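Below is one structure, written out as C-alpha cells; the observations come after it.
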Amino acid sequence: MNPFVTSPKRTPRETFDVAVVGAGIIGATIAVSLARTGLDVIVIDANGTPGFGSTSSSAGIVRVHAFDVESSAMAAESIAAWTDWREFTSTPADEAVAEFVRCGTFVFDDGTESLERLADTMTRARVDYDEVDGNGLARALPWADTRRFGPPAAIEDSAFWREPTERIERALHTPTSGYVSDPALAAQNLAALARRLGVRFELGRRVTGFAEQSGVTRIELHDGGHLDAAAVVNAAGPHSRTINALAGVGGDFTVGLSAHRQELHLVHLPETVSMSRDGAHIVDGDLGINFRPDGDDAVLVGGNGSPVDGVEVLDDVDSLDPSPSREAWYRHSVRTARRIPGSRISVAPSGIAGLYDVTDDWLPIYDRTDRDGFYVAVGTSGNQFKTAPVVGDLMTAIVRAGLDGHDTDATPLTHTLPLSGATISSSAFSRRRTPLLGGSRG
Ligand SMILES: Cc1cc2nc3c(=O)[nH]c(=O)nc-3n(C[C@H](O)[C@H](O)[C@H](O)COP(=O)(O)OP(=O)(O)OC[C@H]3O[C@@H](n4cnc5c(N)ncnc54)[C@H](O)[C@@H]3O)c2cc1C
C-alpha cells in the first residue's frame, strides 16, 4: 500500500503553521526541517506520490564544484547525508533507501578559464580537489580517449570528425562527488521521515489559488477544498512561476525564471569497461556532454549547455514530452562514442526528458517575497538535487525569521553549515540579487 495516499479527500479545518507546495526533493527536505523545529506543517502535491515531479528525472549527480562559493560549500556539506542516507532519513532497515555511489568527478579543461574559476571557488569554499595532468587523466580513465576533440561542434559539422592532434592536459578531480541512483526514492525517504515527524501530506491535490483569510493564507485546491496556513513555501519545481503568479509575487524579482527541457540518455559501454571499477562522473566541456556511470556497463549522458546545441524553453510546462528525441539521443551517443571508444549506439532512443526550473544565473532562489508569509524555494536550475540535505535548514531559517517578524530583505540571515562551519548569507540566493556574472550550469 502506498503510505502517502490520503483518502478520502477532505478539507481539514485547522490552520497550519506552514504549507509547502510541492513534494519533490526540495519540498520534502523543507518539510522535515520545519517539522523538526516544532512547526505544524502540511505538504500539498498534485501528484499521487512524492518525488514524481522533476526530481524523478534527475541524474542525481552530487558534484561539489560550482562557480559560486555557497553552492560548492553546500554540496560538500551534503555529501555526509547522501553517504548515509538511511541514517539521515531514519529509514527503517526493512524499507528501501536511495543509494549514493561515490565515483568522483573529473572536470576536463575545455580551453576556457572555467577550471581556474572552479578551482578558485572550491579553494574559497574549502572543498577538496586535485589537479590532474594529461598522464594522470589517461591513467585514471583507462577507458577514455582523452584527446582534445573540442570545441564542441554539431555532429553534422565536419569539425566534429577532425582527427585531434592534442590531448586534454588538465582536469580537476573531486574525489568525494558521486550520484544517487534513484532520486525519486530519495525524496520518498525524506517524505516518509516528514510523515513520522507529524507532517501531513495532501497528495493528488493541485493548488489553484491563494486568498487572504483573517490574517492567514487560504490555499485553494482544484477539487474545491481549501487549507489555511500562516506561511506558504513555493517548492513547485518547474511550476514555480505558475504558483508565484497565483500568489501575485514575482514583480520585484531581479532574476528571471524559465523552464528548460533537458534530456538524459543511456549509452552502453564495451564489455572491457567496468564502471564500478574505473567509473567517474565526467564533465566534458570539450565534447559538450556530462556523463556518470549507470550500473557497471552504461553511462547516463546529458548535454552541458553548449551553444551549438541550443536550448529548448517551454512556456507551457504541462506540454512536456517526456520521451527522448532521436536527435538529442543520437548526438549524445555519438559524442560519448568519441570519448569512450566502442560505446554501443542502441537501435532506438533510450532515456528521459525532464524540466529544469532555471534562473538567469543558474543559482536557486531561496527567499521570502513581497507578499507577507509567502516564501520561495525555486529556480533550482538543474542542480539543486545535490544540496537538498542542507536546503531544508536554510529555508527553515528564512521562514522562521519571517514568522518571528525579522525582515531578511533588510538584514539577510547568516546560516552556518553544521559540519564544515561554513557560513551562507541568505542574500546569495535572494530574489533581488544582482545575477552572478558568468553564472552557468557548472
Ligand atoms: C533531466 C534532469 C537532470 C537533473 N540532474 C541533476 C543532477 O544530476 N544533480 C542535481 O543536483 N540536480 C539535477 N537536476 C535538478 C534537480 O533534479 C532539481 O533541482 C530538483 O529535483 C528540484 O526539486 P523540486 O522539489 O524543487 O521540484 P520537483 O521535483 O519538480 O517537485 C515539485 C512538485 O510540485 C508539485 N506541484 C507543481 N505545481 C503544483 C500545484 N499547482 N499544486 C500542487 N503541487 C504542485 C509537482 O507535482 C511536483 O511534485 C536535474 C533535473 C532534470 C530535469
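Numbering starts at 1 and runs along the sequence shown. Note that ligands are numbered from 1 as they come in the structure, with each ligand's atoms numbered from 1 the same way. Not measured: the values here are computed from a predicted model.
Taking distance alone, with nitrogen or oxygen atoms compared against 3.5 Å, Ala59 approaches ligand 1 more closely than that limit. Ligand 1 has no N or O atom lying under 3.5 Å from any N or O atom of Ala377, backbone or side chain. For Leu264, no nitrogen or oxygen atom sits less than 3.5 Å from a nitrogen or oxygen atom of ligand 1, counting backbone and side chain alike. Below 3.5 Å of separation, one finds no N or O of Ala23 facing any N or O of ligand 1. Residue Phe385 places at least one N or O, backbone or side chain, under 3.5 Å from an N or O of ligand 1. Distances between N or O atoms of Thr380 and those of ligand 1 include at least one value under 3.5 Å. Taking distance alone, with nitrogen or oxygen atoms compared against 3.5 Å, Ile61 approaches ligand 1 more closely than that limit. On a distance-only criterion, Thr55 and ligand 1 share at least one N/O pair closer than 3.5 Å. The N/O atoms of Gln262, backbone and side chain alike, include none that comes under 3.5 Å of an N/O atom in ligand 1.
Both the backbone and the side chain of Arg206 come within 4.0 Å of ligand 1, counting heavy atoms alone. Residue-level proximity to ligand 1 for Ala235 is carried by the backbone, the only part with a heavy atom below 4.0 angstrom. When non-hydrogen atoms are compared, ligand 1 lies under 4.0 Å from the backbone of Asn383 (N, CA, C, O) but not from its side chain. The side chain of Ile243, and not its backbone, has at least one atom closer than 4.0 Å to an atom of ligand 1 (non-hydrogen atoms only; side chain from C-beta on). Looking at Arg205 against ligand 1, only its backbone comes within 4.0 Å, counting heavy atoms.
Which parts of ligand 1 touch Ile26 is read off a 4.0 Å heavy-atom cut-off, strictly below it: atoms 23 (O), 24 (P), 25 (O), 26 (O). Short contacts between ligand 1 and Gly60, defined as distances under 4.0 Å to a heavy atom of the residue, involve ligand atoms 7 (C), 8 (O). Here is the list of ligand 1 atoms found below 4.0 Å of a heavy atom in Lys386: 10 (C), 11 (O). With ligand atoms numbered from 1 in the order given, ligand 1 contributes 2 (C), 3 (C), 4 (C), 50 (C), 51 (C), 52 (C), 53 (C) to contacts under 4.0 Å with heavy atoms of Tyr356. Listed by atom number, the atoms of ligand 1 under 4.0 Å from Gly354 heavy atoms are 53 (C). Taking every heavy atom of Pro238 and a limit of under 4.0 angstrom, the matching atoms of ligand 1 come to 30 (O).
Looking only at protein heavy atoms, the nearest one to atom 6 (C) of ligand 1 is Ser58 OG, 3.2 Å. Nearest protein heavy-atom neighbour of atom 34 (O) of ligand 1: Gly22 CA, 3.3 Å. His239 CB, 3.4 Å is the protein heavy atom nearest to atom 38 (N) of ligand 1. Of the protein's non-hydrogen atoms, Ala46 N, 4.0 Å is the one closest to atom 45 (C) of ligand 1. Ranking the protein heavy atoms by distance from atom 33 (C) of ligand 1 puts Asp45 OD2, 3.3 Å first. Among all non-hydrogen protein atoms, the one lying nearest atom 1 (C) of ligand 1 is Ser57 O, 3.3 Å. Annotation: atom 36 (N) of ligand 1 to nearest protein heavy atom, Ala236 CB, 4.2 Å. Protein heavy atom at the shortest distance from atom 53 (C) of ligand 1 is Leu355 O, 3.3 Å.
Using modelled atom types, one finds no donor on one side chain facing an acceptor on the other under 3.5 Å when comparing His239 with Asn234. Judged purely by distance below 3.5 Å, without hydrogens or angles, the side chains of Thr105 and Tyr129 never pair a donor atom with an acceptor atom. Of the N and O atoms on the side chains of Arg63 and Thr174, not one donor lies less than 3.5 Å from an acceptor on the other residue. No side-chain donor-acceptor contact under 3.5 Å links Trp143 and Asp278. No side-chain N or O of Asp357 forms a donor-acceptor pair with one of Thr380 less than 3.5 Å apart. Of the N and O atoms on the side chains of Ser90 and Arg196, not one donor lies less than 3.5 Å from an acceptor on the other residue. A donor-acceptor pair shorter than 3.5 Å cannot be found between the side chains of Thr49 and Gln188.
No more than 12 heavy-atom neighbours from other residues, nucleotides or ligands sit within 6.0 angstrom of CG on Asp372.
Nearest-heavy-atom check against atom 27 (O) of ligand 1 across Gly209, Gly237, Ser71 picks out Gly237. Nearest residue to atom 41 (N) of ligand 1 from Asn290, Asp318, Val207 is Val207 (criterion: closest heavy atom).
For the pair Val20 and Leu34, the minimum side-chain heavy-atom distance is below 4.5 Å. Side-chain contact between Asp228 and Phe16: absent, with no pair of heavy atoms (C-beta onward) separated by less than 4.5 Å. Looking only at side-chain heavy atoms (C-beta outward), Ile30 and Ile26 come within less than 4.5 Å of each other. Proximity of Ser177 to Val62: side-chain heavy atoms (C-beta onward) are nowhere separated by under 4.5 Å.
Ion pair Asp367/Arg433 not flagged as a salt bridge, since none of the NZ, NE, NH1 or NH2 atoms sits closer than 4.0 Å to an Asp/Glu carboxylate oxygen.
Relative ring orientation between Phe374 and Phe210 is described as perpendicular, the plane-to-plane angle rising above 60° on a 0-90° scale split at 30° and 60°. The aromatic rings of His332 and His265 are tilted relative to each other, their planes meeting at an angle between 30° and 60°. Classified by interplanar angle (parallel below 30°, tilted 30° to 60°, perpendicular above 60°), the ring pair Phe385/Trp82 is parallel.
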Atom pairs and distances, side-chain donor-acceptor, residues 69-80, under 3.5 Å, sequence neighbours left out:
residue	atom	partner	partner atom	Å
Ser71	OG	Asp68	OD1	2.8
Ser71	OG	Asp68	OD2	2.8
Ser72	OG	Val64	O	2.7
Glu77	OE1	Ser420	N	3.0
Glu77	OE1	Ser420	OG	2.9
Glu77	OE2	Leu419	N	2.7
Ser78	OG	Met74	O	2.8
Ser78	OG	Lys386	O	3.4

